[in-house]
Q: 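Here it is, the structure, as structure tokens.
Here is how names work: the chains are called A, B, and so on, in the same order as the sequence lines, proteins then strands, and each is numbered from 1.
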Amino acid sequence: MRVAKAWIVAKKELAVLRKTKSVLYSVLAFPLFVAVGLPLVVMAAGGRGPGIPASVLPVLLDSFSFFFIIGTAALPVTIASYSLVGEKVERSLEPLLATPATDSEILLGKGLAAFLPPIVSTYAGSVVFMALMDKFTIAKLGYPYFPNPTIAIILIAIAPLACLLSVESGIVISSLVSDIRSAQQVGGLMILPFAAIYVASEIGLLPLTWLNLLAISGVLLVVDLLLYLVSRATFRRDDILTRWK
Amino acid sequence: MPPFGTAGEPLSEFRGVRDRTVVIDTEHLTKRFGGQAAVEDLSLLVAAGEVFGFLGPNGAGKTTTVRMLAGLISKTSGSARIAGHEVGPEDSALEIRRIVGLLPENVGLYEALSPYQILDFFGQMYDCPDGPRRANIERLLRLFDLWELKDRPVATFSKGMKQKVALARALVHDPKLLFLDEPTANLDPEAAKTVRDCILALKKEGRTIFLTTHNLDEAQRICDRVAILRTRLLTVGAPDQLRASLSGHRTQVRLERTDDTLLHQVRERLSPRRVERSAEGFVVEVEDPDRENPEVVRAIVEAGGRVRSVTEVGPSFEDVYLKLVRG
């Protein structure tokens, strides 16, 4: 596999993404909301009455950190499905498949284009989030709460794996549907498992300890590997040209 | 069994192609989807520099053939070679895709991108070095009168302009073999003429062009040889040669006046030949005009008809096509 060839595909996808404002804005909006919106909520709540108790604050901040996972799980599926279903709608896959690139190179290029913007915007958002929250926690707790092992595991392990899961799901979903809206609606279901984990952590069923987060990473890794095999089997030019509707 | 046993193809035609460099060579090429044959037992040769027309009704297997030959989809059986590369193995398919240009039936452009961006992307995909790629993109955009519009999104273009961008895309890596799948379908006459002129210009450059079309007039005017397909290859040859090979000529006889009684009497005298009334007389189907026309004229005169003129009407290319396709 030639990564340089995949990167040409990825650059083209990113150029299309830049022109597709609705998708671009959604990629930017969610991390911005988590990065700026949630600290504002914490600061506003902290400034009222007795404020947020110091004992509750770490649990709250860990929960908020989990939003970065939900973001990375939700955003790539939008880009991946737009990338593939968009090509179906524009019927532009055939000329692309007629170039001397392998299926794997095209798939990797599209995957990179769906993976990079959400992960970059998530990382950028997390830096802002941590900086804003630390200003608050230094005053409240006497020390900066971030970075810590929890958010490190979230950002270094779970977020990329969730992002990959979303990309691969987008590819599989795209082979099954023929319009972008359906792809995005089905893709929207991707966040449900992560939302369930979030709820479970909130009710104390699955505390976001670093051990639990590592276990979640392990499960995601296995699911990603399985989905890679499925998406690789799905993206075969013979099937794309003769069976994809 | 001849090596390229295709109905209607004279041996001399094979020899003519065999003497030149063969670019496309298929033997018993077959593609099935499930149990359904899309293309069956296709054997043909296309020489370098030829414009080869590929005709057939909808669902005849034209696009499937193009996709197989362009290294896009696999074959079920048989063999095919493109410029010496075997169609089938992945390594070979990559080589084939590197040397052919494809204009698919649907232009399939990235609507949000500009013509320059599209051509630049495809040029990179075909591994064209930066300098020559940029020079070739400019040459193509100027050739197709798109240079001034090079930075506008193609979403704002007309159908004809999009078709020109798609044609430029197929040429961006300067391929010697082009597959053009219905390049003038759905275009207005002016845009279709522009595209046809482009094809003729490419022909002059010596490129081999494999052209699928529904437009018989276009095929007759542009193509050196045509093949007619309906899952199986029905015939292949030069358009004039195919017209000449179709048995059954027609003799048109203009008369001073016609009526049903005269038609009835002429039909009786010329039976079993088919006699039809035309605007100014009769049209008689004959096998050998030189031998039969005097008899036709005599029969009409004896029936009381007054002959103004006699014209021999050969079968049109459309007649050939319809006769073969309808079986």
Side-chain angles (χ1 to χ4, degrees), chain A residues 1-25 79 82-110 113 178 180 232 235-245, chain B residues 31-34 36 38 63-64 66-76 90-114 117-118 120-128 153-155 162 165-167 169-170 172-173 175 178-179 181:
Chain A
M1 177 167 359
R2 297 159 297 178
V3 177
K5 191 73 90 181
W7 183 240
I8 296 168
V9 176
K11 280 194 298 180
K12 188 275 293 177
E13 294 294 330
L14 293 171
V16 173
L17 178 66
R18 277 198 297 274
K19 304 272 174 100
T20 315
K21 302 295 183 209
S22 57
V23 181
L24 183 64
Y25 292 153
I79 304 172
Y82 189 88
S83 162
L84 282 164
V85 181
E87 293 233 34
K88 270 191 198 181
V89 172
E90 291 181 337
R91 294 168 182 263
S92 51
L93 268 174
E94 188 168 358
L96 178 60
L97 294 172
T99 63
T102 63
D103 297 352
S104 304
E105 287 159 359
I106 294 172
L107 193 58
L108 178 62
K110 288 185 169 291
S178 55
I180 292 165
R232 184 65 195 83
F235 197 83
R236 289 178 58 244
R237 69 187 61 217
D238 245 84
D239 292 341
I240 291 168
L241 290 171
T242 57
R243 291 192 190 154
W244 280 26
K245 298 291 178 215
Chain B
K31 177 70 181 180
R32 290 177 179 277
F33 294 110
Q36 186 77 30
T63 298
T64 300
V66 166
R67 286 174 171 174
M68 278 193 286
L69 296 181
L72 284 173
I73 59 172
S74 60
K75 60 186 166 61
T76 304
E90 179 59 21
D91 288 352
S92 189
L94 279 177
E95 270 313 304
I96 290 170
R97 294 204 292 271
R98 196 183 306 281
I99 58 174
V100 306
L102 171 70
L103 174 69
E105 188 178 349
N106 298 294
V107 290
L109 297 169
Y110 303 115
E111 299 268 324
L113 300 185
S114 69
Q117 285 176 306
I118 290 170
D120 195 41
F121 165 62
F122 278 91
Q124 290 180 60
M125 290 300 285
Y126 283 104
D127 302 315
C128 305
V154 294
K162 286 179 182 174
V165 176
L167 196 50
R169 179 187 60 198
V172 76
H173 57 301
L178 271 167
F179 288 101
D181 197 355

Q: Relative to chain A, which segment of B:Ala70 carries a heavy atom at a distance below 4.5 Å: side chain, backbone, both, or neither?
A: neither
Q: With a 4.5 angstrom heavy-atom cut-off, is it the side chain or the backbone of B:Glu95 that approaches chain A, or both, or neither?
A: neither
Q: Would you name the heavy atoms of A:Lys5 and B:Met125 that are closest together and state the gap between them?
A: NZ-O, 2.7 Å
Q: Could you give the distance from CD1 (A:Ile8) to OH (B:Tyr126), rounded to the nearest 0.5 Å?
A: 12.5 Å
Q: Would you say B:Arg97's side chain and A:Leu97's backbone share a donor-acceptor pair under 3.5 angstrom?
A: yes
Q: Apply side chain to side chain contact (heavy atoms under 4.5 Å, CB included) to B:Thr76 and list each qualifying residue two or more places apart in sequence or on a separate chain.
A: B:Lys31, B:Arg32
Q: Side chain, backbone, both or neither: which part of A:Val9 has a non-hydrogen atom closer than 4.5 Å to chain B?
A: both
Q: Does any heavy atom of chain A fall under 4.5 Å from the side chain of B:Phe179, the backbone, both, or neither of them?
A: neither
Q: Check B:Asp127 against A:Arg2 and note the closest heavy-atom contact, atom names and distance.
A: OD2-NH1, 4.4 Å
Q: If you take all heavy atoms of A:Leu241 and B:Arg67, which pair is closest and at what distance?
A: O-NH1, 3.1 Å
Q: Please check if the number of heavy atoms outside B:Phe33 that lie under 6.0 Å from its CZ is greater than 12.
A: yes
Q: How long is the straight-line distance from OG1 of A:Thr99 back to CG of B:Leu102, given to the nearest 0.5 Å?
A: 10.5 Å
Q: Mark yes when over 12 heavy atoms from residues, nucleotides or ligands other than A:Arg232 sit less than 6.0 Å from its CZ; otherwise mark no.
A: yes
Q: For chain B, find which of A:Arg18, A:Lys19, A:Glu90 contributes the most heavy-atom pairs closer than 4.5 angstrom.
A: A:Glu90
Q: Taking A:Pro95, A:Ala15, A:Ser92, A:Pro100 one by one, which has the highest count of heavy-atom pairs under 4.5 Å against chain B?
A: A:Pro100
Q: Anything under 3.5 Å between a donor and an acceptor, one on a side chain of residues 103-110 of chain B, the other on a protein residue two or more places apart or in another chain? List them.
A:
{"from": "B:Tyr110", "atom 1": "OH", "to": "A:Lys12", "atom 2": "NZ", "distance (Å)": "3.4"}
{"from": "B:Tyr110", "atom 1": "OH", "to": "A:Glu87", "atom 2": "OE1", "distance (Å)": "3.3"}

